[in-house]
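The next block holds one structure in the form of structure tokens; read it before the comments.
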Amino acid sequence: MKKHIYHSIILLSLGCLIMASCSKNAVDDTQPSNETSSFSLLQDRIITPTCATAGCHASTSDATYAQHGLVLEKSVAYANLVGVVPKNELSKADGHLRVKAYKSLESLFYHKLNWDASHHGGKQYASPMPLGGTALSVGQIEFVRRWIEAGAPKTGDVVDKTLLDDTTPSVSANDDFKSIQTPQEEGVAGYQMKVEKFTIQPNFERELFVRKAIGNTVDVYVNKLKFQSRPNSHHMVLYDFRDKTASTLPTINTIRDLRNADNTLNLVTAIQMSNHVFLGGGTNASQEYTFPEGTALLLPAGMTIDLNPHYFNKTNEVHYGENNVNLYTVDKSKVKYVVKTIDFNNTSFTLPAKTITTVTKDFKFNTDVKVVSLTSHNHKYGQKFVIKILGGARNGEVVYESTDWEHPAMINYTTPISLKKGEGLTSVVTYNNTSDKTISFGLTSEDEMDIIFGYYYEE
């Protein structure tokens, strides 16, 4: 009898303890947690120092806001990221959101922070971030990935915070350059040109030129361009020369810097730029351009090209630049029209400080033409670049618009734009000069530009 009583007492005591424990846990669940949420850690340790405070996403008044349309200040970052359609056209076409809950590989935010394009099939959704800076560590990128895969919640501790202490470099601007295959290695005709590895001093924009021979012993017709650059590339442009007399052309295979080490303009190089004829270019670290069907660019036998890479370095360490350019060729029999390049450049404008200014410039052709492709070039104060038809039955019609200064749209027209002699194109560029100084035409990203690039042919 006593034995049964003891057992009952023990069971009753255990039951009370279990109930008390459950009751305590139930009460605790209703209390606010003192645990810092994973998103708050993401904001404080990555977004604020990398993207907002030290980056380009602090407020709508940032000079680059019109380009990306993304503010990552603490009070609005979550709402501006999760479930929002990106402005990036390539990312949008792939069905991405800025952050898609449970889907890191369908989240542009994750791709932009991960400099290694191999994790998303080699695609380059514009420049990796932070531009000109240092890539996130392995632990930081993994923290972002796990947060998204956990549903990208605003509250709750869902990711191991110790990942943020892993400072192992993910991808460095100074890692070995990943060269692209030559056209021959791809099994097609063409040529590869290179700008060999060069240094970019700390807190400096280095833009240089180097004239090189293509290596073509006969005339060739180029119908596709492919570019590969190291991280933090602003652009890679190819130029021909108007005046090709030996005394005018720059020395072959010799690097010519646009700016001296003390950041002053190299006048000799600047003067040589006035002799340039635009051939093609790219603003992504990895980019391709294919000419419209039946068209190609003629490159005469023995031709040389001025290769023009431009890089940012916003760190206190030495970075490196390096570039590959593939020129893909087709047989002359497949070319119906040989294209020429459009290079309409407005250099006469001023942008008052703290003011939104729209600059309009007309450009005319001196023959009848068919425009097959258009793109634009301006710098970070440019909010919108519009191209309109000038003259004729379509006078004033908008045929091009881009709000991304760093990665402008490149439009091929299935039906070419027909323009008569004396007709042309008008550039209408809206700038938001958020700085404290007057801005005018210049050659660095702190100055401004207003250029229409493209291709046309004459009938």
Side-chain angles (χ1 to χ4, degrees), residues 89 221-227 234-242 273 276-284 287-299 305-306 308 325 327-328 335-347 359-379 382 384-392 394-430 441 448-459:
E89 293 298 332
Y221 296 84
V222 173
N223 71 337
K224 180 181 175 181
L225 302 170
K226 188 174 184 178
F227 302 88
H234 172 44
H235 72 229
M236 176 64 178
V237 183
L238 312 180
Y239 292 105
D240 191 9
F241 299 92
R242 290 183 177 85
M273 290 177 68
H276 277 153
V277 176
F278 173 79
L279 291 177
T283 52
N284 287 348
Q287 187 168 335
E288 295 182 13
Y289 172 72
T290 301
F291 288 84
E293 183 70 25
T295 69
L297 190 66
L298 169 62
L299 303 182
I305 291 179
D306 219 15
N308 169 218
V325 179
L327 310 173
Y328 297 88
V335 180
K336 188 175 181 180
Y337 299 108
V338 174
V339 297
K340 298 182 179 180
T341 59
I342 297 171
D343 186 352
F344 291 154
N345 192 350
N346 177 18
T347 61
V359 176
T360 301
K361 177 73 173 180
D362 294 336
F363 303 92
K364 297 179 180 180
F365 290 97
N366 55 16
T367 60
D368 294 353
V369 301
K370 300 278 190 180
V371 176
V372 296
S373 181
L374 290 173
T375 189
S376 60
H377 188 77
N378 58 277
H379 291 162
K384 181 185 288 188
F385 200 118
V386 172
I387 302 175
K388 297 180 180 181
I389 292 177
L390 173 66
R394 299 171 65 184
N395 182 53
E397 180 183 338
V398 174
V399 291
Y400 176 93
E401 183 174 317
S402 181
T403 58
D404 188 341
W405 75 272
E406 196 176 4
H407 310 100
M410 183 75 184
I411 300 178
N412 282 348
Y413 299 95
T414 304
T415 301
I417 301 171
S418 296
L419 297 172
K420 298 294 184 181
K421 178 180 178 180
E423 298 175 355
L425 301 170
T426 299
S427 66
V428 183
V429 190
T430 301
F441 172 83
E448 265 305 336
M449 289 190 172
D450 174 2
I451 307 175
I452 299 176
F453 288 131
Y455 300 100
Y456 71 96
Y457 61 85
E458 300 173 356
E459 288 190 307

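Starting from 1, each residue takes its place in the sequence as its number.
Closest heavy-atom contact between V371 and L419: CG2-CD1, 4.0 Å. Residue V399 comes nearest to I411 through the heavy atom pair O-CD1, 4.2 Å, listed as atom of the first residue, atom of the second, then distance. A pairwise comparison of heavy atoms in N412 and T290 identifies ND2-O, 3.0 Å as the closest pair. Between I452 and T426 the shortest heavy-atom distance is CD1-C, 4.4 Å. Counting all heavy atoms, side chain and backbone alike, L225 lies closest to Y455 at CD1-OH, 4.3 Å. Closest approach of I342 to Y456, counting heavy atoms only: CG1-CD2, 3.5 Å.
Put simply, CZ on F385 and OG1 on T403 are 13.0 Å apart, with the number rounded to the nearest 0.5 Å. Atom NE2 of H377 is separated from atom CG of N345 by 9.5 Å, given to the nearest 0.5 angstrom. Here the CG-NE2 distance, from N308 to H276, works out to 7.0 Å after rounding to the nearest 0.5 Å. Taken from CD1 in I389 to CG in N395, the straight-line distance is 8.5 Å, to the nearest 0.5 Å.
Sorted pairs that involve residues 413-423 and meet salt bridge (charged side-chain N to carboxylate O under 4.0 Å, His left out), not counting sequence neighbours, are lacking altogether.
Using a 4.5 Å heavy-atom threshold, the side chains of E448 and N378 count as touching. Side-chain contact check for S373 versus M410: some heavy-atom pair is nearer than 4.5 Å. A 4.5 Å side-chain heavy-atom check between Y400 and Y413 finds at least one atom pair inside the cut-off. Taking 4.5 Å as the limit, every side-chain heavy atom of V335 sits out of range of all side-chain heavy atoms of F291.
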- request: Could you walk me through whether L297 and T341 pass the side-chain contact (heavy atoms from CB on, under 4.5 Å) test, one step at a time?
  value: CA-CA 9 Å; L297 190 66; T341 59; 4.3 Å; yes
task: Take R394 and I417 through the side-chain contact (heavy atoms from CB on, under 4.5 Å) test and state the conclusion after the steps.
output: CA-CA 10 Å; R394 299 171 65 184; I417 301 171; 4.1 Å; yes
message: Assess the residue pair I305 and L327 against the criterion (side-chain contact (heavy atoms from CB on, under 4.5 Å)); give the C-alpha distance rounded to whole Å, side-chain angles, the decisive distance to 0.1 Å, and a yes or no.
response: CA-CA 11 Å; I305 291 179; L327 310 173; 4.1 Å; yes
query: Run the side-chain contact (heavy atoms from CB on, under 4.5 Å) check on F363 and S427 step by step: do they pass?
result: CA-CA 8 Å; F363 303 92; S427 66; 3.7 Å; yes
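A donor-acceptor pair shorter than 3.5 Å cannot be found between the side chains of Y457 and T295.
Each of T360, V359, V428 was evaluated against D450; a single residue qualifies, V359, per the side chain to side chain contact (heavy atoms under 4.5 Å, CB included) test.
For the side-chain hydrogen bond (donor to acceptor under 3.5 Å, both in side chains) test, residues two or more places apart in sequence or in another chain that qualify with S418 are K370. In terms of the ring pair (Phe, Tyr, Trp, His ring centres under 6.0 Å) criterion, residue partners of H235 (sequence neighbours excluded) are, by chain and number, H310.
Open room surrounds NZ on K388; 12 or fewer heavy atoms of other groups in view lie less than 6.0 Å from it. Within 6.0 Å of CD in E293 there are 12 or fewer heavy atoms belonging to other residues, nucleotides or ligands.
Aromatic ring centroids of F344 and F365 lie under 6.0 Å apart.
Using the six-membered ring where Trp is involved, H379 and H234 have ring planes that are perpendicular, over 60° apart on the 30 and 60° scheme. Ring pair F278/F453 is parallel by interplanar angle, where below 30° counts as parallel and above 60° as perpendicular.
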